[in-house]
Protein chains: 2
Amino acid sequence: MSAARSASTARPYHHGDLRRALIDAALSLVTEEQDWTFSLREVARRAGVSHNAPYSHFSEKQDLLIAVAATGFERLRDRMKAAIGRTKAADEALLACAKAYLQFGAENPALYRLMFGPALAASKGGRPAEAREAGATAKVVLAEIILRGARSGLFAVSPDDAKDEAKIVFSAWAAVHGMTMLSLDEFTGAELTIDDLLEGLERTVLKGLIPR
Amino acid sequence: MSAARSASTARPYHHGDLRRALIDAALSLVTEEQDWTFSLREVARRAGVSHNAPYSHFSEKQDLLIAVAATGFERLRDRMKAAIGRTKAADEALLACAKAYLQFGAENPALYRLMFGPALAASKGGRPAEAREAGATAKVVLAEIILRGARSGLFAVSPDDAKDEAKIVFSAWAAVHGMTMLSLDEFTGAELTIDDLLEGLERTVLKGLIPR
DNA sequence: ACCTGAACACCGTTCAAGT
DNA sequence: ACCTGAACACCGTTCAAGT
């Protein structure tokens with residue numbers, strides 16, 4: 001309980017930004033140890049505080065999980081944005097985006113599982129609104145590309161219908177998400193690389209979107 | 001601890017088929033209470049045995065979870081088989097199958113989450129082979145339909161290439177799975193019904209598969 | 001306002017012992 | 001072979017108390 005904060009100027013009682021430190025500690029457990037089944041007490045230990053200090057910043061464990069998941073969604077969004085930044089046409093962008101998405105999942109299996117797993121799906125009843133908003137972060141990038149493709153006339157979508165738009169965007173997201181998740185669980189059923197998966201996407205979802 | 005087995009002929013010590021009873025108890029917790037975060041002790045309580053009796057039949061909790069998930073995959077397969085039994089052409093069968101899949105998820109959210117969640121994805125390292133085999137059950141039905149469509153010339157797949165086949169089947173499964181999972185977590189982002197989701201699938205995956 | 005120590009009601013798992 | 005009771009090392013959460 002003392003070695004953990006022996007960095008330089010030991011803060012004896014108040015931590016300064018314990019909230020941030022707890023999120024970082026949880027994030028390191030998820031990304032470094034690849035373990036999303038961490039306990040709140042372990043996070044507190046990592047942050048060098050007592051096991052109930054977190055309750056000053058999160059009313060329950062799930063709130064911390066949601067905060068970690070939100071960081072994950074931001075990272076995923078950044079990866080996608082960086083990937084599409086190097087592209088021109090919308091179909092190229094969509095493919096690059098899907099590839100970045102699949103790679104993110106492959107590189108951060110535990111974080112990806114946390115983002116779409118227990119944190120958001122409460123054991124009973126509906127999931128907290130905060131969790132749903134965090135997840136929408138990732139979808140927005142896909143929506144932008146698809147709308148771009150629609151406006152430029154490259155994709156077969158009618159952009160004046162909001163519900164129709166939602167259907168298409170959701171279909172695309174679901175296809176990429178499903179691939180990511182199932183490949184993490186080794187459900188591919190064959191030795192398929194990320195490029196194999198992308199080719200599958202191209203020949204199904206993309207082919208449906210692009211009428212050529 | 002006594003009321004639970006006061007049915008007719010009370011079996012005092014040996015249960016008869018405790019293994020089956022434990023799986024059923026867990027299944028009822030998942031499907032009736034819609035709670036996949038049950039404890040092993042609670043399952044034992046439901047079955048009317050001591051909290052460590054399960055260890056005579058399952059070496060750890062995860063083994064019971066896998067058994068429950070396997071039952072879930074069988075039910076999903078049966079639902080799909082029943083749905084395609086009433087169809088003729090392969091494209092019609094694929095759509096009916098996808099609809100049955102989406103409905104199964106919507107009706108059994110907790111079971112579906114268990115099937116694709118914590119049980120199969122161990123906190124660290126690879127998932128047990130037994131868990132992966134159970135999951136393949138569901139994919140087989142999709143594979144059959146797609147191969148049928150390919151052989152009949154209705155789908156744009158070359159059936160003589162096994163890897164190519166795996167790519168296409170996996171793409172289709174991923175699309176349906178992703179939709180099911182994301183809609184359970186209320187990530188649709190709009191009020192989309194199952195028929196809306198199906199339409200999205202039809203215009204993306206199916207359109208890619210069927211060259212017309 | 002933020003953190004600690006002791007306490008409560010749970011877990012999963014193990015082990016010696018009973019039938 | 002199958003089940004029980006007691007025990008161990010954990011949890012998440014609460015509450016009164018300290019700074």
Side-chain angles (χ1 to χ4, degrees), chain A residues 1-6 9-26 29-30 33 35-68 114 117-119 121-124 128, chain B residues 1-6 9-26 29-30 33 35-68 114 117-119 121-124 128:
Chain A
M1 340 187 123
S2 56
R5 72 157 84 86
S6 61
T9 51
R11 272 172 239 93
Y13 210 88
H14 286 75
H15 189 284
D17 194 358
L18 181 55
R19 191 191 145 87
R20 187 72 251 163
L22 289 167
I23 294 175
D24 289 344
L29 275 166
V30 176
E33 312 287 329
D35 182 13
W36 56 268
T37 65
F38 59 81
S39 68
L40 195 50
R41 290 170 104 113
E42 194 177 359
V43 174
R45 258 177 252 130
R46 284 225 164 192
V49 292
S50 74
H51 66 268
N52 34 12
Y55 287 91
S56 298
H57 302 275
F58 302 97
S59 66
E60 52 182 350
K61 188 189 177 186
Q62 177 157 291
D63 285 356
L64 172 60
L65 288 172
I66 290 172
V68 173
L114 175 67
S123 55
K124 293 177 98 173
Chain B
M1 355 189 111
S2 55
R5 71 156 85 83
S6 60
T9 52
R11 273 173 239 93
Y13 210 87
H14 286 74
H15 189 284
D17 193 0
L18 182 55
R19 193 191 144 87
R20 187 72 250 162
L22 289 167
I23 295 175
D24 288 345
L29 275 165
V30 177
E33 311 286 330
D35 181 14
W36 55 269
T37 66
F38 57 82
S39 70
L40 195 49
R41 289 169 105 113
E42 195 178 357
V43 174
R45 257 177 253 130
R46 283 224 164 191
V49 292
S50 74
H51 66 269
N52 34 12
Y55 288 90
S56 299
H57 302 275
F58 302 97
S59 65
E60 51 181 352
K61 188 189 178 186
Q62 176 156 292
D63 285 357
L64 172 60
L65 288 172
I66 290 172
V68 173
L114 176 67
S123 54
K124 295 177 95 172

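Convention: sequence-line order gives letters A, B, ...; per-chain numbering from 1. Computation of the quantities below employed the complete heavy-atom set of this structure, encompassing side-chain atoms and omitting hydrogens, waters and symmetry-equivalent molecules.
- In terms of phosphate contacts, B/Ser56 brings no side-chain nitrogen or oxygen within less than 4.0 Å of OP1 or OP2 of D/dC2.
- For the pair A/Phe58 CZ and D/dT14 P, the interatomic distance rounds to 16 Å; values are reported in whole Å.
- Applying the side-chain hydrogen bond (donor to acceptor under 3.5 Å, both in side chains) criterion to A/Arg19, with sequence neighbours excluded, gives no partner residue.
- Shown here for B/Ala44 and B/Leu22, the closest heavy-atom pair between the two residues is CA-CD2, 4.3 Å.
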Enumerate all atom pairs, one protein N or O and one N or O from nucleotides 8-12 of chain D, separated by less than 3.5 Å.
from	atom 1	to	atom 2	distance (Å)
D/dC11	OP1	A/Ser39	OG	3.3
D/dC11	OP1	A/Arg45	NH2	3.2
D/dC11	OP2	A/Arg45	NH2	2.8
D/dC11	O5'	A/Ser39	OG	3.3
D/dG12	OP1	A/Leu40	N	2.7
D/dG12	OP1	A/Lys61	NZ	3.2
D/dG12	OP2	A/Leu40	N	3.1
D/dG12	OP2	A/Arg41	N	3.1
D/dG12	N7	A/Arg41	NH1	2.5
D/dG12	O6	A/Arg41	NH1	3.0

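- Every residue meeting the salt bridge (Lys or Arg N to Asp or Glu O under 4.0 Å) condition with A/Arg20, not counting sequence neighbours, appears here in chain and number order: A/Asp24.
- Once rounded to the nearest 0.5 Å, the distance linking CG of B/Asp63 with CZ of B/Phe58 reads 7.5 Å.
- How far NE2 of A/His57 is from CG of A/Leu18: 4.0 Å, rounded to the nearest 0.5 Å.
- With sequence neighbours excluded, the residues satisfying side-chain contact (heavy atoms from CB on, under 4.5 Å) with B/Ser39 are B/Arg41, B/Glu42.
- Not counting sequence neighbours, the partners of B/Ala26 by the side-chain contact (heavy atoms from CB on, under 4.5 Å) test are B/Phe38, B/Val43, B/Leu64, B/Val68.
- For A/Ser50, the side-chain hydrogen bond (donor to acceptor under 3.5 Å, both in side chains) test picks out A/Asn52, with sequence neighbours left out.
- Proximity of residues 18-25 of chain B to DNA chain D (heavy atom under 4.0 angstrom from any strand atom) is restricted to B/Leu18.
- Between B/Asp17 atom CG and D/dC2 atom C1' the separation is 13 Å, expressed in whole Å.
- The distance from atom CG of A/Asn52 to atom P of C/dG5 is 9 Å, rounded to the nearest whole Å.
- A distance of 11.5 Å separates CD1 of A/Ile66 from CD1 of A/Ile23, quoted to the nearest 0.5 Å.
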For DNA chain D, the expected dot-bracket line (Watson-Crick or G-U under 3.5 Å, [ ] crossing, | inter-strand) is ||.|||||...|||||.||
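- Out of C/dG5, C/dT14, C/dC3, the shortest distance to the side chain of A/His57 is found at C/dC3.
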